[in-house]
Amino acid sequence: MKKKFMSFLLALALVFTMAPMGLVAHAETYEGLLGRNVHYSINATSGVMTVSGSGPMEDYNQCPISSCSRYIKKIIVEPGVTRIGNSVFEELYDLVGVSLPDTVTEIGEYAFSSCYNLKSCPLPSKLRKIEDRAFNACSKLVGMTLPSTLKELGEGAFCYCKSISSINIPDGVKEIPSGAFADCYGLKKISIGKGVKKIAWQAFHHAGLTSLVIPANVTEIEHTTFALRAATIWSTLPLREKSKRFQTACARTARL
């Protein structure tokens, strides 16, 4: 009897050994938490990561799911989540698309930084804040539209986003911070909102602008804000005493 049982186990093991790898009973999944009430599930077969729950994600110093990064092609954040945490999706090199719900009002520092293959991430209609370098070095990102609800834009928020061709700065934003669109070589057109008072240091440094209209509401432009390749600048700044400072800001260096 024992010999028959051992023979049965040997035969069963042989069947599983010879079976094709595609005949896996259940797709491999990875699950965990990104906050007290925020849960994630990664389907390694489909490449889809689903984030659900309520409230904000935790803030991190580095991506908490980096060990699963090779499986993640798309991220779907479901309604209820209110904040994308610092560095939570940083350096997900295979990530191509992100879907964010309108419940998200803040995107934290380095949230999607260095997601080199990220092409699509439509911003939520109620978004109020994009923090420092949130989309830094997302070099394939296209079609970004900043919602009218946006109030705050962080330093270097979109720097090195080489594929963005146009951008609108909503009226609620008071300052375009340093490096916000630096080295966006494909950026050709910018619309600056009526609420912007200041354009900070190197905000559009080495952007691909060929023309730019600066509205009268802008009262301060810091040094080297613009270093434009073959650019034609038209300023509507109202006071003549600002013209010299503006020329310095827009000056092209001999190296360009």
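Everything numeric in this text was worked out from a predicted model, so none of it was measured.
Here the side chain of Asp102 pairs a donor or acceptor atom with the backbone of Ser125 at under 3.5 angstrom. A donor-acceptor contact shorter than 3.5 Å links the side chain of Asn168 to the backbone of Leu146. Looking only at distances, no side-chain donor or acceptor of Ser166 sits under 3.5 Å from a matching main-chain atom of Lys189.
Between Lys162 and Asp183, the shortest heavy-atom contact is CG-O, 4.0 Å.
Side-chain contact annotation: Asn43 with Thr29, donor-acceptor N/O pair under 3.5 Å absent. Side-chain contact annotation: Tyr60 with Gln62, donor-acceptor N/O pair under 3.5 Å absent. Side-chain contact of Lys140 with Asn117: a donor-acceptor pair under 3.5 Å is present, judged by distance alone. Judged by distance alone, the side chains of Asn136 and Ser113 do bring a donor and an acceptor atom under 3.5 Å apart.
Classification of Lys129 and Glu106 as a salt-bridged pair fails, no side-chain N sitting under 4.0 Å from a carboxylate O. A salt bridge is absent between Glu152 and Lys174: the closest approach of a Lys/Arg side-chain nitrogen to an acidic carboxylate oxygen does not fall below 4.0 angstrom.
Annotation: ring pair (Phe, Tyr, Trp, His ring centres under 6.0 Å) contacts of Tyr160 (sequence neighbours excluded): none.
Around atom NZ of Lys73, more than 12 heavy atoms belonging to other residues, nucleotides or ligands sit under 6.0 Å away.
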